[in-house]
Amino acid sequence: MRSEEASLLDRPDVHFGRGPFGKLHVRFGKGAHTSGPRPRWVPMLDQLDLVLRWFLDDVRGRFPDSPALFADESGGHLHQGTVRNRLRYLMELEGRPVADRFSPHALRRACATHNYERGVDLVAIQQLLGHWTVSSTMRYVRPSATFIEDAYRRAVTSTLGELTGEEPTP
């Protein structure tokens, strides 16, 4: 999800029991072409549920009581630029070369690419990212240099396994 969407989440938007992974209710999803907010449900993949449980149990209570999931010092929602600015500051503090720095949006692109390379259906990635069209999602996917060769190798191995009756090795 976009960092701007995450900054607007409230604690009641976290649904650990919804679906096999739990889901976040993004009530203020980015709308295309000024269409207004587009709500959607985002599954908590890759053990995000564990991270959010830890955050709610051990961290969130240190901030003022309010509905905001990610609160600032006054209990309000984080400003939309806070995540981006903090990430930039931490990379500068780390001494990371400018060429190696990235933004929260770059992490979004990386998520799309990694899921695509894992074999996740493109329409599922589209829904995960909250895109209106698959063509928008395809602009995010940037496969690795060996993606074609790896895909070919998997397909050939799978086909040979079917022909010989052997299980393909991972």
Side-chain angles (χ1 to χ4, degrees), residues 1-98 100-118 120-142:
M1 90 176 45
R2 298 168 183 89
S3 59
E4 293 84 5
E5 294 168 340
S7 71
L8 294 173
L9 289 173
D10 285 337
R11 287 190 270 185
D13 294 328
V14 179
H15 298 265
F16 291 111
R18 190 174 188 117
F21 301 105
K23 292 186 180 177
L24 298 172
H25 186 209
V26 178
R27 292 174 293 119
F28 301 103
K30 178 183 170 193
H33 307 292
T34 67
S35 65
R38 287 202 350 238
R40 70 182 192 281
W41 290 93
V42 177
M44 292 188 261
L45 303 175
D46 294 326
Q47 300 181 332
L48 176 60
D49 60 324
L50 298 177
V51 174
L52 283 177
R53 284 182 196 277
W54 164 80
F55 174 78
L56 288 169
D57 292 344
D58 295 348
V59 178
R60 180 59 183 85
R62 298 177 186 197
F63 290 86
D65 190 32
S66 75
L69 179 61
F70 302 114
D72 60 16
E73 294 83 10
S74 66
H77 289 101
L78 281 179
H79 184 273
Q80 294 182 357
T82 299
V83 175
R84 180 182 56 250
N85 293 339
R86 177 56 60 173
L87 182 60
R88 183 183 313 124
Y89 170 75
L90 291 172
M91 285 188 283
E92 288 173 7
L93 189 65
E94 183 183 58
R96 185 179 293 253
V98 175
D100 292 344
R101 295 182 189 173
F102 55 89
S103 67
H105 202 74
L107 293 174
R108 202 171 139 74
R109 290 179 182 279
C111 172
T113 298
H114 291 305
N115 280 306
Y116 184 73
E117 288 185 341
R118 282 181 184 168
V120 176
D121 183 79
L122 199 54
V123 173
I125 298 170
Q126 171 196 353
Q127 295 296 311
L128 181 68
L129 295 178
H131 287 158
W132 188 259
T133 65
V134 172
S135 62
S136 295
T137 305
M138 281 307 301
R139 289 195 300 264
Y140 278 61
V141 175
R142 300 203 174 125

> List in chain and number order the residues that pass side-chain hydrogen bond (donor to acceptor under 3.5 Å, both in side chains) with S74, two or more places apart in sequence or in another chain; answer none if no residue qualifies.
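S74: side-chain hydrogen bond (donor to acceptor under 3.5 Å, both in side chains) contacts with D72.
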> Pair V14, L9 - check side chain to side chain contact (heavy atoms under 4.5 Å, CB included), show working.
CA-CA 8 Å; V14 179; L9 289 173; 5.8 Å; no
> D49: which residues meet the salt bridge (charged side-chain N to carboxylate O under 4.0 Å, His left out) condition with it, sequence neighbours left out?
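Counting only residues at least two positions away or on another chain, D49 forms no salt bridge (charged side-chain N to carboxylate O under 4.0 Å, His left out).
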> My understanding is that only residues two or more places apart in sequence, or in another chain, count here; which of them pass side-chain hydrogen bond (donor to acceptor under 3.5 Å, both in side chains) with Y140?
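Y140 satisfies side-chain hydrogen bond (donor to acceptor under 3.5 Å, both in side chains) with H105 only.
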> For residues 83-92, dump all side-chain donor-acceptor pairs below 3.5 Å to protein atoms at least two apart in sequence or in another chain.
unit_1	atom_1	unit_2	atom_2	d
N85	OD1	R88	NH1	3.2
N85	ND2	G81	O	3.2

> Supply the atom-to-atom distance E4 CD to H79 NE2, rounded to the nearest 0.5 angstrom.
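Result: 10.0 Å between the selected atoms.
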> For S3, give me all partners under side-chain hydrogen bond (donor to acceptor under 3.5 Å, both in side chains), at least two apart in sequence or on another chain.
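Expected list: none.
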> Taking side-chain contact (heavy atoms from CB on, under 4.5 Å) as the test, write out the residues that go with T133, two or more places apart.
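Result, side-chain contact (heavy atoms from CB on, under 4.5 Å) vs T133: S135, S136.
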> Sequence neighbours excluded, which residues qualify as salt bridge (charged side-chain N to carboxylate O under 4.0 Å, His left out) partners of E73?
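Partners of E73 by the salt bridge (charged side-chain N to carboxylate O under 4.0 Å, His left out) criterion come out as none, since no residue qualifies.
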> Please report the interatomic distance CZ(R118) to OG1(T113), rounded to the nearest 0.5 Å.
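So the gap between those two atoms works out to 11.5 Å.
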> Without swapping roles, check the side chain of R38 against the backbone of G130 for a donor-acceptor pair under 3.5 Å.
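The answer is yes, because a donor-acceptor pair under 3.5 Å joins these two groups.
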> In plain terms, say whether E94 and R96 are close enough for a salt bridge, that is, a side-chain N and a carboxylate O under 4.0 Å apart.
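Judged by the 4.0 Å cut-off on N to carboxylate O distance, E94 and R96 do form a salt bridge.
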> Donor-acceptor check, side chain of R109 to backbone of R142, threshold 3.5 angstrom: yes or no?
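A pair under 3.5 Å: no.
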> Output every pair passing side-chain hydrogen bond (donor to acceptor under 3.5 Å, both in side chains) with a member in residues 6-17, not counting sequence neighbours, ordered by first then second residue.
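Residue pairs with at least one partner in residues 6-17: D10-R27, D10-H77, R11-D65, D13-R27.
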> Tell me which donor-acceptor pairs under 3.5 Å the side chains of residues 50-58 have, and how far apart each pair is, sequence neighbours excluded?
unit_1	atom_1	unit_2	atom_2	d
W54	NE1	D58	OD2	3.4

> By side-chain hydrogen bond (donor to acceptor under 3.5 Å, both in side chains), which residues pair with S103, not counting sequence neighbours?
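If we apply the side-chain hydrogen bond (donor to acceptor under 3.5 Å, both in side chains) test to S103, skipping adjacent residues, there are no hits.
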> How many angstroms lie between atom OH of Y116 and atom CE of M138, to the nearest 0.5 angstrom?
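So the OH of Y116 and the CE of M138 are separated by 5.0 Å.
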> Could you report the tightest heavy-atom contact between L24 and M1, atom names first, then the distance?
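Nearest pair, atom of L24 first, then M1: CD1-CE, 3.4 Å.
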> I'd like to check the side-chain contact (heavy atoms from CB on, under 4.5 Å) partners of A124; sequence neighbours left out, ordered by chain and number.
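Result, side-chain contact (heavy atoms from CB on, under 4.5 Å) vs A124: V120, D121.
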> Output a table of donor-acceptor pairs, distance under 3.5 Å, between side-chain atoms of residues 40-48 and any protein atom two or more places apart or on a different chain; print 'none' if there are none.
unit_1	atom_1	unit_2	atom_2	d
R40	NH1	E5	OE1	3.4
R40	NH1	E5	OE2	3.0
R40	NH2	E5	OE1	2.9

> Would you name the heavy atoms of L78 and A71 that are closest together and state the gap between them?
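What the structure gives for the nearest pair is CD2-O, 4.0 Å.
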> Give the minimum heavy-atom separation between Q80 and L8, together with the two atoms involved.
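The pair with the smallest heavy-atom distance is NE2-CD1, 4.1 Å.
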